[in-house]
Amino acid sequence: MTRVLSGIQPTGEIHLGNYFGALRNWVTLQDRADAFYCLVDLHALTILDEPGVLAERTLRQAAILFAVGLDPLRSTVFVQSHLPEHNQLGWVMECQASVGELSRMTQFKDKSARRSGEHISAGLFTYPALQAADILMYDADEVPVGEDQRQHIEITRDLAIRFNSRFGETFVLPTAVHPAAGARVMDLQDPTSKMSKSTDSDAGLVNVLDDPAVILRKFKRAVTDSETEVRFDRATKPGVSNLLEILSACTGVSPAELAGRYHQYGPLKSDTGEAVVELVRPVQQRYHDLLADRAELTRMLRVGADRAQAVASATLARAYAAIGMLPRN
Ligand code: TYM
């Protein structure tokens with residue numbers, strides 16, 4: 001059976017990019033694959049400087065994952081820091097990665113540029129090695145992610161190939177999988193930048209837990225262009241194309257076909273807003289129900305951690321054995 005792993009940082013919120021780029025695929029994949037989904041709280045430490053907030057964010061994020069449709073019986077949903085094996089294999093992967101290739105990671109370059117003049121943690125730099133460990137730990141064949149993670153999956157493959165050639169066949173080489181529509185959702189106010197939680201202004205960012213009235217308003221105010229023609233062309237019409245792609249992700253109709261149905265921007269904006277609201281409404285309801293029983297959420301995460309650990313400890317032991325480290329005995 002195909003093995004799948006993916007991860008999301010526990011911010012306590014998810015936006016439409018996370019949903020269309022990753023989570024929706026996660027839900028689909030649980031029907032045909034052995035799926036592992038990780039709340040990567042250790043990754044969140046790379047830019048965290050506030051005490052006491054991460055546990056709550058992690059629990060809320062778990063509630064969102066279950067609310068969008070992950071089924072704890074079919075998917076293994078767990079918290080990264082509950083398994084020390086992630087740090088342990090992360091170190092092994094740091095020792096496979098070179099400083100040169102880590103310096104070429106666009107996410108590191110972007111994030112460190114945005115923090116210029118501030119503290120830039122070494123963790124931000126070595127982050128892809130920990131991510132590689134997350135993936136390789138579960139012998140994942142497929143990694144369902146948005147397009148922005150492509151480079152991280154490539155370096156994971158490179159590190160696995162390097163390890164396997166140094167120490168013998170140990171790791172499975174994973175492949176990134178992206179959805180047909182919504183692999184790169186753009187900011188509604190700046191459609192040349194991807195929708196991101198670290199954006200400066202909230203107006204271009206649509207969170208799945210946003211109030212429906214707020215969602216409709218954000219779509220109504222979405223930036224388009226000074227023409228009037230509805231056409232799908234990411235290069236010259238990024239705003240309109242982003243709306244078409246979001247509507248496509250909601251309806252399953254291709255963006256080009258949708259373009260033919262509209263002659264004005266106004267109806268495209270309001271229909272897209274309404275389609276998103278219809279999609280998130282049941283998720284919001286389930287989210288609030290789930291969050292009302294924190295003991296149950298915690299229990300679900302413990303079950304996930306136990307199942308994940310059975311796989312993780314075996315892989316770590318295999319990697320140590322391949323290297324030839326002295327067993328504790
Ligand atoms: P994170 O938490 O930033 O994002 C979670 C998932 O959402 C996708 N995504 C998007 N997809 C489409 N359009 C967007 N605008 C958009 N923004 C985000 C991301 O591609 C991702 O799939 N490094 C990872 C977390 C991670 C991970 C892993 C992922 C850690 N270990 C192992 C896969 C496998 C990250 O920060 O994702």
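Along the sequence shown, the residues carry numbers beginning at 1. Counting starts at 1 for both ligands and their atoms, in listed order.
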Tell me the protein heavy atom at minimum distance from atom 19 (C) of ligand 1, and give that distance in Å. D148 OD1, 3.3 Å
Test item: side-chain donor near acceptor, T28 and N25, under 3.5 Å: no
For V143, the atoms of ligand 1 under 4.0 Å from one of its heavy atoms are 33 (C), 34 (C)
Looking only at N/O atoms, are Q107 and ligand 1 under 3.5 Å apart anywhere? no
Within the 4.0 Å heavy-atom shell around A183, which atoms of ligand 1 are there? 11 (N), 12 (C), 13 (N)
Could you tell me whether I8 approaches ligand 1 through its side chain, its backbone, both or neither, with non-hydrogen atoms closer than 4.0 Å? both
Aromatic ring proximity F163/F171, centre distance under 6.0 Å: yes
Report yes if G7 has an N/O atom closer than 3.5 Å to an N/O atom of ligand 1; otherwise report no. no
Residue, atom name and distance, where the atom is the protein heavy atom closest to atom 1 (P) of ligand 1: K197 NZ, 3.9 Å
Between D141 and T2: side-chain donor-acceptor atoms closer than 3.5 Å: no
Note: E296-R299 ion pair, threshold 4.0 Å (strictly below): yes
Would you mind listing which atoms of ligand 1 come within a distance below 4.0 Å of any non-hydrogen atom of A22? 6 (C), 7 (O), 22 (O)
Does L65 share a hydrophobic cluster with F36, counting links as ILVMFWY side-chain heavy atoms below 4.5 Å and allowing steps through other members? no
List ligand 1 atoms under 4.0 Å from G182, heavy atoms only on the residue side. 12 (C)
N or O contact, S6 vs ligand 1, cut-off under 3.5 Å: no
Suppose we measure from atom 27 (C) of ligand 1 to each protein heavy atom; which comes out shortest, and what is that distance? Q131 NE2, 3.4 Å
Which one holds for V145 and ligand 1: side chain close, backbone close, both close, or neither close, with close meaning a heavy atom under 4.0 Å? both
Go through ligand 1 atom by atom and flag the ones less than 4.0 Å from a non-hydrogen atom of Q9. 2 (O), 36 (O)
For the pair H86 and F78, name the ring-plane relationship: parallel under 30°, tilted 30 to 60°, perpendicular over 60°. tilted
State whether R307 and D34 are salt-bridged, where the test is any N-O pair (Lys NZ or Arg NE/NH1/NH2 against Asp/Glu carboxylate O) under 4.0 Å. no
Taking atom types as modelled and ignoring hydrogens, do the side chains of Q151 and R104 form a donor-acceptor contact shorter than 3.5 angstrom? no
Check each heavy atom of M186 against ligand 1 and say whether those closer than 4.0 Å belong to the side chain, the backbone, both or neither. neither
In the protein, which heavy atom is nearest to atom 17 (N) of ligand 1, and how far is it? H15 CE1, 3.4 Å
Enumerated ligand 1 atoms positioned under 4.0 Å from heavy atoms of Y127: 23 (N), 24 (C), 25 (C), 35 (C), 36 (O)
Flag for Q30-S75: side-chain donor and acceptor within less than 3.5 Å: yes
Test your reading of the structure: does D134 have an N or O sitting under 3.5 Å from an N or O of ligand 1? yes
Relative to the heavy atoms of M195, which atoms of ligand 1 are at a distance of less than 4.0 Å? 14 (C), 15 (N), 17 (N)
Q131 side chain to H152 side chain, donor-acceptor N/O pair below 3.5 angstrom: yes
Give the residue and atom name of whichever protein heavy atom lies nearest to atom 13 (N) of ligand 1, and the separation in Å to one decimal. V185 N, 2.9 Å
Atoms of ligand 1, numbered as shown, that sit under 4.0 Å from any heavy atom of G21: 11 (N), 12 (C)
Stepwise salt bridge (charged side-chain N to carboxylate O under 4.0 Å, His left out) check, E227 with R231: CA-CA 10 Å; E227 299 177 2; R231 188 158 40 85; 3.6 Å; yes
No-hydrogen, no-angle side-chain donor-acceptor test under 3.5 Å, D134 and Q80: yes
Purely on distance, is any nitrogen or oxygen of I153 under 3.5 Å from one on ligand 1? no
Quick one: do R60 and E56 make a salt bridge, cutoff under 4.0 Å? yes
Nearest non-hydrogen protein atom, atom 37 (O) of ligand 1: Q149 NE2, 3.8 Å
Please determine, by modelled atom types, if Y262 and D271 share a side-chain donor-acceptor pair under 3.5 angstrom. yes
Atom 4 (O) of ligand 1: the protein heavy-atom neighbour that sits closest, reported with distance to 0.1 Å: N18 ND2, 3.4 Å
Looking only at protein heavy atoms, which one is nearest to atom 10 (C) of ligand 1, and how far off is it? G17 O, 3.3 Å
